[in-house]
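See below for the structure under consideration.
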Amino acid sequence: MRVRRCAVLFLESREDVDFDLESLLTGGAGLSRHQRWLALAAHLDAPVEVDSQERELLGRLSPSEWSAAESLEAAEESLLPNLIKRGLVLAEEEPDAPHRERDEALRAGHWWPAAAMMHRLARWEGVDSVSSMESNEMTTAADLRRKLGAPPIHALERVDAGERVALPRIDGNDFDAMLARRSTCRNFDSERPLSLPLFAHMMQRVFAAQSQVKVDEYTVFLKKNTPSGGGLHPTEAYLIVQNVEGLAPGLYHYHVVDHALEPLRTPDEPLEQFARRALAGQHWFSNAPAMAVLTPRYARSFWKYRQHAKAYRALVLDSGHLSQTLYLSATELGLGAFVTSAINEVDIERGFGLDPLVEGPLAICGFGWRAQTMSTSEFDPAQEVWLRTDEES
Ligand SMILES: Cc1cc2nc3c(=O)[nH]c(=O)nc-3n(C[C@H](O)[C@H](O)[C@H](O)COP(=O)(O)O)c2cc1C
């Protein structure tokens, strides 16, 4: 049998701290600590605990060259079946084994190892961020202040006031007024559908290719209204459409050149329930009429930026730029908009049929008509969006 180590592997020495009654009763701190080694592999769904012998062997096996298992000492060879079973070592004669297939997919994807690791480890499944925020009493600014103390200063000062060069304040124009009206919407009107032209206008502004350059049939570069690292525009919009006139509620993929929707399989649960799960329980966003899951196609970026230390960062920035275009486009059309990175990636991947090594979500943004009344708080100190009456203020 010939074997090699998986492509991307990091070892973490993790400390588990548990409550320990005996320690408390004998005058100790009431805590027990124990240290263990975890193998973090980007092609696996979860960390794998390894012992010191396994750790040493993993450090010696080549991730690139196949070597004969028989060339190892007997004690090391005996560790292989368990390492192979857990996907940390791959066997050459098992090309169809699921771990082997995932490892090959990772190798083919040109990921920078640390980015592959981060991408994998940051994914959530079934997390309810709202109830954990509530149970930890971390919902309001006052809660945060009480629990965490004062935050680092809101406006950084590097020199004394007298040394600062004052800039003139400029009277704003319509664009400034529009910027001032941009505010994260947490109160959508679930009863009021978006008209098809309004929805189409948003998609055209935010996600559509505006023009293109064709090097050859398979080498095409798109121009969009938003900048993109390397000009590659790798970020796809997977849509949760809940309330748009003339469109069946469901999941879609947006075709950026044809400016068209590609219907996908409907989830096995009510759409708003799926949306709420995707949004890690954030019910204040889950009734938005239209949402886009921002999902880079990693291969499109890594085609140019192979094993590149900045490539993943550029993709995160791309999503941020897209969401800002979406916010401003919505604001200009009189709509509310939001973005969130508190999402259950694994549930979303399952819903849309995505392979996270190939295309995995980074954020969700959405838009729609605002509700008449605010039930979840928004950040609008200048009252640009919500005009308070005298009784309320
Ligand atoms: C990257 C990013 C992630 C965000 N995630 C959340 C979120 O998980 N939940 C939420 O309610 N708002 C989220 N927001 C919105 C911010 O809370 C909001 O921008 C901030 O409070 C300032 O308010 P404003 O956007 O109305 O100016 C996010 C914004 C950004 C840019």
Side-chain angles (χ1 to χ4, degrees), residues 118-119 122-145 148 151-152 154-155 172 175-188 190 206 226-227 229 235 237 240 272 275-288 291-296 312-348 360-371 373-388:
M118 191 177 95
H119 179 62
R123 288 156 67 242
W124 282 355
E125 179 178 5
V127 169
D128 185 340
S129 63
V130 178
S131 58
S132 75
M133 237 165 50
E134 284 167 358
S135 60
N136 291 324
E137 294 177 10
M138 300 277 266
T139 353
T140 65
D143 285 343
L144 295 176
R145 172 70 178 85
L148 307 175
H154 57 285
F175 186 70
D176 296 87
M178 197 266 284
L179 288 177
R181 289 196 308 278
R182 186 216 55 81
S183 182
T184 297
C185 178
R186 297 193 184 86
N187 297 276
F188 287 100
S190 9
V206 184
T226 301
T235 304
I240 306 174
E272 186 173 352
R276 188 185 285 214
R277 195 134 58 88
L279 292 158
Q282 298 185 84
H283 50 85
W284 47 86
F285 292 148
S286 66
N287 64 344
M291 280 177 249
V293 182
L294 303 182
T295 308
Y312 190 76
R313 186 186 301 184
L315 294 174
V316 174
L317 289 168
D318 270 21
S319 280
H321 283 81
L322 280 166
S323 75
Q324 176 70 342
T325 303
L326 183 136
Y327 263 86
L328 295 185
S329 300
T331 306
E332 197 275 336
L333 289 169
L335 301 172
F338 74 87
V339 66
T340 175
S341 50
I343 59 173
N344 278 315
E345 291 86 350
V346 177
D347 299 275
I348 298 169
L362 290 184
I364 298 184
C365 45
F367 54 92
W369 293 111
R370 284 177 172 282
T373 52
M374 191 203 293
S375 39
T376 302
S377 66
E378 296 189 12
F379 192 53
D380 182 33
Q383 300 183 40
E384 295 282 349
V385 180
W386 297 95
L387 281 179
R388 268 167 288 179

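Whatever order the structure lists them in is the order used to number ligands and atoms, beginning at 1.
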Where do Gln282 and Thr340 land on the side chain to side chain donor-acceptor pair (under 3.5 Å) test, with the steps shown first?
CA-CA 9 Å; Gln282 298 185 84; Thr340 175; 3.0 Å; yes
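Salt bridge absent: Arg277 and Glu272 never bring a charged side-chain N and a carboxylate O closer than 4.0 Å.
Of the N and O atoms on the side chains of Ser319 and Thr235, not one donor lies less than 3.5 Å from an acceptor on the other residue.
By the side chain to side chain contact (heavy atoms under 4.5 Å, CB included) test, Arg181 pairs with Ala177, Met178, Thr331, Glu384, sequence neighbours left out.
A heavy-atom cutoff of 4.0 Å around ligand 1 is satisfied by the protein residues Arg182, Ser183, Thr184, Arg186, Gln282, Trp284, Phe285, Val339, Thr340, Ser341, Ala342, Phe379.
Within the 4.5 Å cutoff, the side chain of Arg182 has heavy atoms near those of the Leu328 side chain.
Closest approach of Asp347 and Gly126 over heavy atoms only: OD2-N, 2.8 Å.
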